[in-house]
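Right, one structure below, let's go through it.
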Amino acid sequence: MKLTKHLASLLCVALLAGCLGGGGAIRNAEKLVEAKDYRGALDAYQSIVETKPGTPEAHQAQLAIGKLSIERMNQPDAGVKAYQTVISEAPESDEAAEAHYQLGMHYYRAKEFTLAQTEFDIIINQFPQLELSHNAQLMLAKSYEEAQNYEQAVEIFDNFANRNPRSERAAQAIANKARIQREHLKNDEEAKRTYQSLVKRYGKVEGTEKEIEKAKQELTALGASIPKPDDLLATQYGRALAQQEARRERDRPRGGAEKSRAMGSLEGHIVNSGFGVSASEVMRDFGGQTAIAGDEQGSFHDAELMIANFFYGDENYRDAGALYFDAIARAEANSEKIDPYSYLKLSVCYRKVGMHQRAKEVLKKAASRDGAVVEAVVSTGRNQYTNEEYEKAIETYNSVVGFNRNRDSEVYWLISLAYKKLGEPEKEREVLERAVALNTMNTDALQSLAEVLHYRLKDRKTAAIYQDLVDEKGDSYIASKTLGDLCYQYENYVQARSKYRAAARTAKRLINKSESEAEKRKLRNQVVYATILAARATFHLKGVEAAQEMIEQLAAEFPEHALIPYGQGEIALLNGDADTAIAAFKESMQKAPLSDIPLIALGDYYISQGYNDDAITLWEEFLKTNQYNQNLQRRLKKLKDSSQDEE
């Protein structure tokens with residue numbers, strides 16, 4: 001009786017699984033792939049997974065399953081699942097890094113750039129010691145460029161160059177940065193400066209001839225001067241860099257080969273810092289402990305900090321970071337106090353090489369130990385602002401957002417001042433809104449928000465509301481509701497609920513004083529609407545039952561009010577019951593055909609699900625008989641504009 005090809009493969013797999021180690025079984029599976037017996041290869045890999053669960057061999061087999069499923073068998077879901085299994089089972093392993101990279105490449109090829117960027121960024125921050133992290137950083141830059149986020153692409157190429165100073169690959173990254181600045185950002189001045197920096201810094205670096213010649217051609221086309229290249233060996237600093245890069249390029253894996261099972265680690269002592277170079281190596285090339293020693297108390301970290309500051313000033317963030325990291329570790333190990341600015345500079349070094357997660361972690365850890373760290377950061381930002389280095393000030397301030405909630409409102413206000421100087425009113429408005437949402441009593445932020453709305457964004461109606469709050473005339477329904485909306489938008493639900501309740505109380509108090517039935521009807525609407533919004537905030541604080549109880553109490557007080565179904569719909573939607581929410585919104589629309597509140601809620605739901613056309617149709621139909629509703633007209637215009645941009 002003849003065996004089918006697949007059954008023969010299965011028999012072979014079973015025999016090999018019992019007789020061969022993981023390496024032999026993997027080689028057998030690879031031969032099946034070469035023979036295009038993909039089903040047999042898949043079974044072979046799966047056998048390794050089942051017989052050696054949790055081992056590096058099993059994870060390598062899972063990686064192979066992922067690659068085979070996506071690239072040969074057109075089964076992307078199965079491939080993604082295989083990679084995710086590796087990450088789940090061994091999140092800190094080399095195989096997990098490879099899985100993240102392959103996922104990133106899969107998403108990149110599928111043009112799902114946001115997902116790709118997430119995977120590449122994880123490798124850069126969590127596996128910086130691996131050679132693969134350098135490739136991931138380049139792919140991160142390319143993914144931003146493909147997604148037409150050119151500013152971010154420029155930053156990542158710059159990060160890569162900072163991480164690999166004086167290397168051939170750094171020159172390529174800087175050349176890409178200049179190309180994007182000229183071709184996509186249409187900023188010839190920035191491109192000119194970048195090309196000039198490229199020629200100056202890398203003109204005498206071996207292997208960069210192609211990039212340098214291209215840079216000179218571009219500078220000639222721009223009518224710009226061509227600088228004289230730096231003599232790399234003219235200074236001790238330059239010689240140190242040259243020695244480091246010669247070793248790094250000599251030891252770098254070639255032709256796709258990697259150093260370890262999956263892609264290889266650099267030296268073990270480099271792993272902790274993430275800069276790809278050890279402090280001892282930097283100090284040795286610069287003179288070492290024999291040339292630069294500590295004082296009689298043995299505080300070698302002071303010497304490291306001195307040299308780190310030198311590298312930092314010369315924008316060699318990789319070597320500076322390695323020294324700051326080691327100096328801080330030495331000081332902490334000996335329970336010695338260290339200048340808080342050293343933590344800030346270490347954080348900056350991480351940011352400059354593209355490791356933003358580590359940058360945040362450094363400052364957060366330091367700030368939890370020493371409150372002076374946050375003060376040092378804010379002081380640095382103020383100095384940068386004074387020196388008209390507004391982009392640097394923004395970056396510095398942002399580095400400590402979230403560390404001290406009581407200080408965040410002030411920090412956001414300081415950021416707004418820098419955006420004002422840069423002439424970016426939309427960004428100025430956003431950070432001011434965040435400042436007010438965190439602290440509704442921050443009069444500096446309230447005043448600045450009123451000014452940007454009035455003078456630069458021409459929203460004088462809203463500006464007047466915030467100005468009244470500054471002038472202590474804000475004890476009104478609209479002022480309280482506006483603050484509630486702002487707090488809710490930025491997830492300060494405690495303050496949102498408080499402000500909405502205050503708005504409802506104000507409206508209810510005025511009902512008893514009003515003699516006009518029309519005015520009373522308007523005030524009742526305000527009471528109901530503000531209470532519904534308070535219930536929505538309550539949902540986030542205390543859960544669905546507490547929110548529903550508020551709606552029930554409101555319904556008992558205003559049993560026939562048209563907005564009660566709308567309130568029920570809001571809570572249902574927050575609770576994940578979309579069908580009930582849609583039905584409730586429509587019921588409220590029928591009861592109150594002139595109200596835009598349930599109409600906007602339903603339209604916003606459609607937009608959240610990607611049904612922009614349904615929202616446009618819904619709102620256009622309403623405006624046929626309510627053409628003077630400016631609120632809805634603005635929303636409709638914004639929606640149509642965004643829909644056209646997507647096309």
Between the side chains of [X] and [Y], does any donor sit under 3.5 Å from an acceptor?
X      : Y      : answer
Glu410 : Asn439 : no
Thr85  : Gln62  : no
Gln102 : Glu98  : yes

| Near Lys360 NZ, under 6.0 Å, is it more than 12 heavy atoms from other residues, nucleotides or ligands? | yes
| Would the number of heavy atoms belonging to other residues, nucleotides or ligands and lying under 6.0 Å from CD of Glu206 be above 12? |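 At most 12 heavy atoms, drawn from other residues, nucleotides or ligands, come within 6.0 Å of this atom.
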Can I get a per-line list of side-chain donor-acceptor pairs under 3.5 Å for residues 397-406, giving both atom names and the distance, sequence neighbours left out?
{"residue": "Tyr397", "atom": "OH", "partner": "Gly381", "partner atom": "O", "Å": "3.3"}
{"residue": "Tyr397", "atom": "OH", "partner": "Arg382", "partner atom": "N", "Å": "3.0"}
{"residue": "Asn398", "atom": "ND2", "partner": "Ile394", "partner atom": "O", "Å": "3.3"}
{"residue": "Ser399", "atom": "OG", "partner": "Thr396", "partner atom": "O", "Å": "2.5"}
{"residue": "Asn404", "atom": "OD1", "partner": "Asn406", "partner atom": "N", "Å": "3.1"}
{"residue": "Asn404", "atom": "OD1", "partner": "Arg407", "partner atom": "N", "Å": "3.4"}

| task | For the pair Phe113 and Tyr108, name the ring-plane relationship: parallel under 30°, tilted 30 to 60°, perpendicular over 60°. | result |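 Phe113 vs Tyr108 ring planes: perpendicular.
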| query | What orientation do Phe275 and Tyr350 show, parallel under 30°, tilted 30 to 60°, or perpendicular over 60°? | reply |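 Correct class here is parallel.
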| field | side chain to side chain donor-acceptor pair (under 3.5 Å) involving Lys427 - partner list, sequence neighbours excluded | value |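 Result, side chain to side chain donor-acceptor pair (under 3.5 Å) vs Lys427: Glu424.
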| Excluding sequence neighbours, so at least two apart, what forms side chain to side chain donor-acceptor pair (under 3.5 Å) with Glu89? |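 For Glu89 the side chain to side chain donor-acceptor pair (under 3.5 Å) partners, ignoring immediate neighbours, are His59.
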Donor-acceptor list for residues 209-219 side chains, cut-off 3.5 Å, not counting sequence neighbours:
{"residue": "Glu209", "atom": "OE1", "partner": "Gly207", "partner atom": "N", "Å": "3.2"}
{"residue": "Glu209", "atom": "OE2", "partner": "Gly207", "partner atom": "N", "Å": "3.4"}
{"residue": "Lys214", "atom": "NZ", "partner": "Glu218", "partner atom": "OE2", "Å": "3.1"}
{"residue": "Glu218", "atom": "OE1", "partner": "Arg182", "partner atom": "NH1", "Å": "2.4"}

Let me have the donor-acceptor pairs involving side chains of residues 170-179, under 3.5 Å, with sequence neighbours excluded, atom names and distances please.
{"residue": "Asn176", "atom": "OD1", "partner": "Arg179", "partner atom": "NH2", "Å": "3.3"}
{"residue": "Asn176", "atom": "ND2", "partner": "Gln172", "partner atom": "O", "Å": "3.4"}
{"residue": "Lys177", "atom": "NZ", "partner": "Asp158", "partner atom": "OD1", "Å": "3.2"}
{"residue": "Arg179", "atom": "NH1", "partner": "Glu145", "partner atom": "OE2", "Å": "2.8"}
{"residue": "Arg179", "atom": "NH2", "partner": "Glu145", "partner atom": "OE1", "Å": "3.2"}
{"residue": "Arg179", "atom": "NH2", "partner": "Glu145", "partner atom": "OE2", "Å": "3.3"}

| field | Step-by-step side-chain contact (heavy atoms from CB on, under 4.5 Å) determination, Gln152 to Ile156 | value | CA-CA 6 Å; Gln152 196 67 27; Ile156 302 303; 4.1 Å; yes
| Where do Glu155 and Glu151 land on the side-chain contact (heavy atoms from CB on, under 4.5 Å) test, with the steps shown first? | CA-CA 6 Å; Glu155 180 181 340; Glu151 292 87 352; over 6 Å; no
| message | Tyr490 and side-chain hydrogen bond (donor to acceptor under 3.5 Å, both in side chains): which single residue from Arg434, Glu433, Gln495, Glu430 fits? | response |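 Considering Arg434, Glu433, Gln495, Glu430, a side-chain hydrogen bond (donor to acceptor under 3.5 Å, both in side chains) with Tyr490 is found only for Glu433.
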With a cut-off of 3.5 Å and sequence neighbours excluded, list every side-chain donor-acceptor pair involving residues 411-421.
{"residue": "Trp413", "atom": "NE1", "partner": "Asp444", "partner atom": "O", "Å": "3.4"}
{"residue": "Trp413", "atom": "NE1", "partner": "Ser448", "partner atom": "OG", "Å": "3.0"}
{"residue": "Ser416", "atom": "OG", "partner": "Trp413", "partner atom": "O", "Å": "2.5"}

